[in-house]
Amino acid sequence: MEWEFTVLNQIQQMRTDFLDKLMPCITFLGQWSILWIVIAILCLAFRQKRKLGISLAFNIVINLIVCNLIFKHIVQRLRPYVLNESFHLIIPPERDFFSFPSGHSMFAFGAATIIFIYNKKVGIFAYFLAAMIAFSRLYLYMHFPTDVMIGSAMGILFAMFSYKIEKNLLVKPNIRKIKTAH
């Protein structure tokens with residue numbers, strides 16, 4: 001864990017007034033997965049994007065269950081600012097004190113992966129946004145680097161799983177007309 005505080009403290013050397021204003025805005029994009037929920041709902045509303053919306057919705061539910069309801073409560077890793085009380089937060093502390101895995105990173109990289117599967121150009125932008133959200137969690141001292149790395153990797157894995165669920169659930173059966181002899 002010492003190396004993780006070293007990384008977090010090195011990131012703090014990058015602090016500027018501009019980044020102190022920008023990073024809370026970026027982290028807010030991942031708050032409660034609202035951005036990804038809105039995108040999923042919008043995609044579900046349009047027939048051409050419905051499969052993308054279904055994959056995103058599956059991913060959100062899977063990530064919610066795995067990250068927020070299971071892993072955080074099993075691991076119960078305290079957040080960096082809880083362990084380093086001398087750090088001055090620039091955003092309000094989280095309601096839960098559990099750091100592992102980073103839900104922001106998990107949801108962001110999960111959504112980015114699904115978007116990339118369906119649309120490479122938009123997906124590249126989504127990955128950039130996911131990386132910014134994940135970095136903001138380090139910058140704001142909300143997570144350790146391993147929380148963000150493992151959360152991101154889990155998000156990608158669960159996104160592929162969500163895509164496969166959507167793909168297999170929406171497969172139309174191959175119905176052959178059976179000729180009956182009269």
Side-chain angles (χ1 to χ4, degrees), residues 1-42 56 59-116 122-159 162:
M1 188 182 302
E2 189 174 318
W3 74 267
E4 294 191 88
F5 274 115
T6 300
V7 170
L8 288 174
N9 293 332
Q10 286 176 343
I11 290 170
Q12 295 310 302
Q13 301 303 311
M14 300 171 54
R15 290 199 47 187
T16 65
D17 289 340
F18 174 73
L19 289 176
D20 282 358
K21 287 179 177 59
L22 179 64
M23 289 299 150
C25 295
I26 290 173
T27 215
F28 180 75
L29 291 174
Q31 199 70 25
W32 304 299
S33 299
I34 302 252
L35 174 65
W36 315 119
I37 291 169
V38 168
I39 291 171
I41 290 169
L42 288 173
L56 284 169
N59 192 58
I60 290 166
V61 170
I62 290 168
N63 285 337
L64 174 69
I65 292 168
V66 172
C67 179
N68 294 27
L69 301 179
I70 298 174
F71 267 90
K72 284 189 182 261
H73 296 285
I74 290 173
V75 177
Q76 295 188 0
R77 184 180 196 189
L78 295 177
R79 294 182 182 274
Y81 67 82
V82 173
L83 296 173
N84 179 2
E85 294 175 3
S86 67
F87 184 80
H88 174 70
L89 291 174
I90 59 174
I91 62 172
E94 293 288 338
R95 285 186 272 162
D96 72 50
F97 293 109
F98 303 138
S99 182
F100 182 87
S102 166
H104 279 70
S105 302
M106 183 183 277
F107 284 92
F109 273 91
T113 300
I114 289 171
I115 292 167
F116 184 81
V122 177
I124 289 170
F125 173 76
Y127 272 128
F128 175 75
L129 181 59
M132 291 298 295
I133 289 170
F135 179 76
S136 76
R137 303 307 285 168
L138 300 172
Y139 185 91
L140 296 169
Y141 227 74
M142 293 289 128
H143 289 284
F144 290 102
T146 52
D147 302 335
V148 168
M149 289 186 292
I150 293 172
S152 300
M154 290 171 74
I156 291 167
L157 262 165
F158 292 135
S162 299

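Note: hydrogens, waters and symmetry copies are ignored here, and every other heavy atom, side chains too, is used. For the single chain, residues carry numbers from 1 onward in sequence order. Since we're looking at a predicted model, the values are computed, not measured.
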note = Between the OG atom in S105 and the CG atom in L138, the distance rounded to the nearest 0.5 Å is 7.0 Å
Distance-minimising heavy-atom pair for A130 and A112 = CB-CB, 4.1 Å
key: Contact summary for W36 and L129, nearest pair of heavy atoms   = CH2-CD2, 4.0 Å
Nearest heavy atoms of Y81 and E94, plus distance in Å = OH-N, 2.9 Å
Euclidean distance, M106 CE relative to I133 CD1, rounded to 0.5 Å = 14.5 Å
message = Tell me which pairs pass ring pair (Phe, Tyr, Trp, His ring centres under 6.0 Å) where either residue lies in residues 125-148, with sequence neighbours left out.
response = F5-F144, F87-Y141, F116-Y127
query = So L64 and F107, side-chain contact (heavy atoms from CB on, under 4.5 Å) or not? Walk me through it.
reply = CA-CA 8 Å; L64 174 69; F107 284 92; 4.1 Å; yes
ask   = Taking C-beta and beyond as the side chain, do L89 and L140 meet within less than 4.5 Å on heavy atoms?
value = no
ask   = Quick one: are T27 and M142 in side-chain contact, heavy atoms under 4.5 Å?
value = no
ask   = Does L29 reach the side chain of H104, with side-chain heavy atoms less than 4.5 Å apart?
value = no
note = One should read off an interatomic distance between I150 CD1 and C67 SG, to the nearest 0.5 angstrom, of 12.0 Å
message = As an exercise, state the distance from CG of D147 to OG of S152, rounded to the nearest 0.5 Å.
response = 10.5 Å
query = Just wondering, are more than 12 heavy atoms of other shown residues or ligands nearer than 6.0 Å to NE2 in H73?
reply = yes
Spatial distance of atom CD (Q12) from atom CG (N84) [nearest 0.5 Å] = 9.5 Å
request  = Evaluate the side-chain proximity of I74 to F71: yes if any heavy-atom separation is below 4.5 Å, no if none is.
outcome  = no
query = Is there a side-chain contact between K72 and P101, using heavy atoms and a 4.5 Å cut-off?
reply = yes
Minimum-distance pair of heavy atoms, taken over all atoms of G155 and N59 = O-OD1, 4.1 Å
ask   = Going through the checks in order, is the side-chain contact (heavy atoms from CB on, under 4.5 Å) test met by I65 and I70?
value = CA-CA 6 Å; I65 292 168; I70 298 174; 3.9 Å; yes
query = Between L78 and S99, is any pair of side-chain heavy atoms under 4.5 Å apart?
reply = no
key: Chi angles and distances behind the side-chain contact (heavy atoms from CB on, under 4.5 Å) call for T146, W3   = CA-CA 10 Å; T146 52; W3 74 267; 3.6 Å; yes
ask   = Counting distance only, does the side-chain N/O of T113 pair as donor-acceptor with the main-chain N or O of I156 below 3.5 Å?
value = no
request  = Drop me the distance from I114's CD1 to I39's CD1, to the nearest 0.5 angstrom.
outcome  = 11.0 Å
key: Donor-acceptor contact present, side-chain R137 to main-chain G103, <3.5 Å   = no
message = Counting C-beta onward and ignoring hydrogens, is there a side-chain heavy-atom pair between I60 and I37 closer than 4.5 Å?
response = yes
inquiry  = Working note: N63 + M154, criterion side-chain contact (heavy atoms from CB on, under 4.5 Å); need CA distance, chi angles, decisive distance, verdict.
reply    = CA-CA 8 Å; N63 285 337; M154 290 171 74; 6.0 Å; no
ask   = Given L19, which of K21, M23, R15 fulfils the side chain to side chain contact (heavy atoms under 4.5 Å, CB included) condition?
value = M23
